[in-house]
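See below for the structure under consideration.
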Amino acid sequence: MTTTEQPSSSIYQSLETALTLCSNYARLAKDTFFSLWQHNEFRLLVYLFGALSALPVATFLVFCTVVVTGLAFGATILGCIICSLGFLVLIPFLVGAMMTAITIVLVYQAWLYFAARNQGAHELDTPHADKHVDKQHRHQGKIA
């Protein structure tokens, strides 16, 4: 055997020993339980322990169920209230902001329309009137 094979061999032997020990302990526990099960007193104590343990376990499970259900209903009710209040505040604000934006855009478009008409009427006799009207049309083309 070389030196590189020894550690893996010892690890394998250690694992095999641990597995054997665990198997022996499990067999010992099983044999002990079966030998004790032959006595009526042991059976009675196992049944009594199971019955007395069932009440606290059941109480704990009911408590957990009540807490989780209560939290779920509470969170749902609180969420509904918050969403309702949010929509009561948010929807009018959004509608008002939309109306304001529409008004601003329409006023700006009307101002551009009337400004271009007024400037076009006043500057028809100037030599640079064509350039100014072209700039105004390009400006309106970018907006539309």
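Computed from a prediction, not measured in an experiment: that's the story for all the values here.
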Worksheet item: Distance from Leu52 atom CG to Tyr47 atom OH, nearest 0.5 Å?
Response: 15.0 Å

Response to the item:
Looking only at heavy atoms, the pair that brings Ala72 and Thr76 closest together is O-OG1, 2.7 Å

Item to complete: Report whether Ile77 and Leu85 are members of the same hydrophobic cluster (ILVMFWY, side-chain heavy atoms less than 4.5 Å apart, transitive linking).
Response: yes

Worksheet entry | Residues which pass side-chain contact (heavy atoms from CB on, under 4.5 Å) with Ile91, listed by chain and number, not counting sequence neighbours | Phe87, Val95

Fill in: Gap between atom CD1 of Ile82 and atom CG of Leu78 - 0.5 Å precision
4.0 Å

Worksheet item: Apart from Val62 itself, what residues make up its hydrophobic cluster, given side-chain heavy atom links below 4.5 Å?
Response: Val66

Worksheet item: Same hydrophobic cluster for Phe63 and Leu71, using side-chain heavy-atom links shorter than 4.5 Å among ILVMFWY?
Response: yes

Worksheet item: From Met98 CE over to Thr103 OG1, what is the distance, rounded to the nearest 0.5 angstrom?
Response: 10.0 Å

Item to complete: Drop me the distance from Tyr12's OH to Thr17's OG1, to the nearest 0.5 angstrom.
Response: 10.0 Å

Show me the donor-acceptor pairs within less than 3.5 Å that the side chains of residues 27-34 make with the rest of the protein, sequence neighbours left out.
{"residue": "Arg27", "atom": "NH1", "partner": "Asn24", "partner atom": "OD1", "Å": "3.2"}
{"residue": "Thr32", "atom": "OG1", "partner": "Leu28", "partner atom": "O", "Å": "2.7"}

Worksheet item: Thr59 side chain to Leu55 main-chain N or O, any donor-acceptor pair under 3.5 Å?
Response: yes

